[in-house]
Protein chains: 2
Amino acid sequence: MAKHEVIAFALADFFPYRLAVLAEHVSQAVAQLYGDRFQITRAEWRVLAALGANNGMAAKDIAAYSTLDKMQVSRAVARLEEAGLITRATDDADRRAKILTLTASGRTLFQKIVPLAQAREDYLLEDLDPQERAVLESAMEKVLARAQGLIERG
Amino acid sequence: MAKHEVIAFALADFFPYRLAVLAEHVSQAVAQLYGDRFQITRAEWRVLAALGANNGMAAKDIAAYSTLDKMQVSRAVARLEEAGLITRATDDADRRAKILTLTASGRTLFQKIVPLAQAREDYLLEDLDPQERAVLESAMEKVLARAQGLIERG
DNA sequence: TGGGATTCGTTGCGATCGAGACGATTTTGC
DNA sequence: GCAAAATCGTCTCGATCGCAACGAATCCCA
């Protein structure tokens, strides 16, 4: 029986939807820091973070480090250079590549943002005890691995 | 001492970054279903899901239900109507509003997508045991509440 | 009841974005 | 060595997006 079951589907209970909404809100909450106060975009923030951790990377390494594609990196880099926060120099070892380096003011900006970002991260996670954080972290890794598998296999 | 501490900041350990990457990949994995096979965007899928759960909603209620803003709904609705999947009718009780209804083929499409989406959701979560799922769910709610608070308060 | 404020949904415009083509360079394979 | 293929980063072009303004309808309240 029940040949024509009513399909029950609640968007509010659908994990991918909930995850997208959560990520969007968290992203917006963090973007207030660097967006409202320093007029930089999310991609630019990621490039700053990449160079802050490892100054002198090539654009393609920044893309890998930051999960941005080469186009996003290229455009973010153009804006950051325009703003005087980074400099671009041709790599002598591979003259297709451009080595990117934080300027003094780029480094200063990065060092201003980092503690704010970390404070916001701490605040967001404040309701979770260590065990919950550990489960959340491992769950995110597991789901990510599955999602990547799906994307690769089509 | 340590007046000039070296700032250590790893993007890969930054929760908002990891969440954004995860959500992006999960979203892409699910969008393969309705995107590649039925040429539907994420906003359009959400509108379908809203009407699938509650046919005959006004556009503004769809926005609330689906966490889309009115413009995204308006544009998604225009495309879905163009594709013959929904119809638009002025609400007699409030002639500013438009009542949106799935057509037969809209409902058919929705009923085709739902099991595929649920299967993909199940697959994504397959590595998590019930306890992990419960912690993940509650953690997502707690973090979302904090993020919304930050956004409201600026 | 009437006039200003608000809400609903759409649209115009400028900014932004992604896919693909491109020049320049390097790597690969024979 | 050298031609073909691959890689790096940029650019172009059409599509998409968000902001703000808008017309129409309704609500508010004096």
Side-chain angles (χ1 to χ4, degrees), chain A residues 20-21 23-25 27-28 31-32 34-36 39-47 50-51 54 56-83 86-101 151 154, chain B residues 20-21 23-25 27-28 31-32 34-36 39-47 50-51 54 56-83 86-101 151 154:
Chain A
V21 170
E24 197 176 306
H25 287 205
S27 183
Q28 195 182 330
Q32 287 178 332
Y34 48 77
D36 294 353
Q39 283 78 45
I40 63 177
T41 67
R42 191 175 65 154
E44 287 160 29
W45 153 242
R46 286 195 191 174
V47 170
L51 294 176
N54 197 350
M57 296 172 98
K60 72 148 194 146
D61 297 319
I62 291 184
Y65 182 91
S66 63
T67 320
L68 297 169
D69 69 35
K70 61 181 182 173
M71 187 96 30
Q72 294 174 293
V73 172
S74 178
R75 296 208 241 243
V77 158
R79 283 188 290 255
L80 290 171
E81 189 184 33
E82 174 80 19
I86 68 175
T87 58
R88 246 194 294 217
T90 300
D91 181 0
D92 286 331
D94 181 347
R95 307 208 342 270
R96 293 168 304 183
K98 300 290 175 64
I99 299 290
L100 306 169
T101 315
I151 292 168
Chain B
V21 170
E24 199 176 305
H25 288 205
S27 183
Q28 196 182 329
Q32 287 178 331
Y34 48 77
D36 293 354
Q39 282 77 46
I40 295 281
T41 68
R42 191 174 65 153
E44 287 159 29
W45 153 242
R46 286 195 191 174
V47 170
L51 294 177
N54 197 348
M57 295 173 99
K60 73 150 194 144
D61 297 318
I62 292 184
Y65 183 92
S66 64
T67 319
L68 298 169
D69 69 35
K70 59 180 183 173
M71 205 175 2
Q72 294 175 293
V73 173
S74 178
R75 298 208 238 243
V77 158
R79 283 188 289 255
L80 291 172
E81 189 185 31
E82 174 81 18
I86 67 175
T87 57
R88 246 192 295 214
T90 300
D91 181 0
D92 286 330
D94 181 348
R95 310 215 332 273
R96 294 169 302 183
K98 301 290 175 63
I99 299 291
L100 305 170
T101 314
I151 291 168

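We name chains A, B, ... by the order of the sequence lines, and we start the count at 1 in each one. Bear in mind the structure is a predicted one, so any value in this text is a computation, not a measurement. When reading the values below, keep in mind they use all heavy atoms of this one structure, side chains included, and skip hydrogens, waters and symmetry mates.
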Engineer: Could you work out, with salt bridge (Lys or Arg N to Asp or Glu O under 4.0 Å) as the rule, every residue matching B:Glu81, not counting sequence neighbours?
Structural biologist: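 Applying salt bridge (Lys or Arg N to Asp or Glu O under 4.0 Å) to B:Glu81 gives B:Arg88.
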
Engineer: Given atom CZ of A:Arg42 and atom P of D:dC17, what is their separation to the nearest angstrom?
Structural biologist: 15 Å

Engineer: With sequence neighbours left out, what residues match A:Asp94 under side chain to side chain donor-acceptor pair (under 3.5 Å)?
Structural biologist: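 With sequence neighbours excluded, A:Asp94 shows a side chain to side chain donor-acceptor pair (under 3.5 Å) to A:Arg96, given in chain and number order.
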
Engineer: If you round to the nearest 0.5 Å, how far is CD1 of A:Ile62 from CG of A:Asn54?
Structural biologist: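 A:Asn54 atom CG to A:Ile62 atom CD1 measures 9.0 Å (nearest 0.5 Å).
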
Engineer: Identify whether any heavy atom of A:Ala78 sits under 4.0 Å from a base atom; if not, whether one sits that close to sugar-phosphate; answer base, sugar-phosphate or nothing.
Structural biologist: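 Contact class for A:Ala78: none.
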
Engineer: Rounded to the nearest Å, what distance is computed from the CG atom of residue B:Leu68 to the P atom of nucleotide C:dG9?
Structural biologist: 13 Å

Engineer: To the nearest 10°, let me know how far the axis at one end of the helix from C:dT1-D:dA30 to C:dC30-D:dG1 is tilted from the axis at the other, five pairs an end.
Structural biologist: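 Here the local axes at opposite ends form an angle of 30°.
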
Engineer: Give me each pair satisfying salt bridge (charged side-chain N to carboxylate O under 4.0 Å, His left out) with a member in residues 67-79 of chain B, each pair once, sequence neighbours excluded.
Structural biologist: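 Only B:Glu44-B:Arg79 qualify under salt bridge (charged side-chain N to carboxylate O under 4.0 Å, His left out).
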
Engineer: Report the residues that fulfil side chain to side chain donor-acceptor pair (under 3.5 Å) with A:Thr87, sequence neighbours left out, ordered by chain and then residue number.
Structural biologist: none

Engineer: Ignoring backbone atoms, test whether A:Ser74 places a side-chain nitrogen or oxygen under 4.0 Å from the OP1 or OP2 oxygen of D:dG9.
Structural biologist: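 No, because none of the side-chain N or O atoms of A:Ser74 sits under 4.0 Å from OP1 or OP2 of D:dG9.
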
Engineer: Identify, with sequence neighbours excluded, every residue that meets salt bridge (Lys or Arg N to Asp or Glu O under 4.0 Å) alongside B:Arg95.
Structural biologist: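 Salt bridge (Lys or Arg N to Asp or Glu O under 4.0 Å) check on B:Arg95 returns nothing, list empty.
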
Engineer: Give the rounded distance in Å between these two atoms: CG of B:Leu80 and C1' of C:dT10.
Structural biologist: 16 Å

Engineer: What string of B, S and - do you get for nucleotides 14-20 of chain C, 5' to 3', when a contact is any protein heavy atom under 4.0 Å?
Structural biologist: ---BBBB

Engineer: Tell me every residue that passes side chain to side chain contact (heavy atoms under 4.5 Å, CB included) with A:Ala43, counting only those two or more places apart in sequence or in another chain.
Structural biologist: A:Thr41, A:Leu68, A:Ala76

Engineer: Please give, in whole Å, the distance from C:dT10 P to B:Glu81 CD?
Structural biologist: 9 Å

Engineer: With sequence neighbours excluded, tell me which residues meet side chain to side chain donor-acceptor pair (under 3.5 Å) with A:Thr67.
Structural biologist: B:Tyr17

Engineer: Run the side chain to side chain donor-acceptor pair (under 3.5 Å) test against A:Gln28 and tell me which residues pass, sequence neighbours left out.
Structural biologist: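 With neighbours one apart ignored, the set is empty.
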
Engineer: Can you name the ring pair (Phe, Tyr, Trp, His ring centres under 6.0 Å) partners of B:Tyr65, sequence neighbours left out?
Structural biologist: none

Engineer: So how far is it from B:Ile86 CD1 to B:Ile99 CD1, rounded to the nearest 0.5 Å?
Structural biologist: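 Here the rounded value is 12.0 Å.
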
Engineer: Which parts of residues 87-99 of chain A get close to DNA chain C, meaning a heavy atom less than 4.0 angstrom away?
Structural biologist: A:Asp94, A:Arg95, A:Arg96

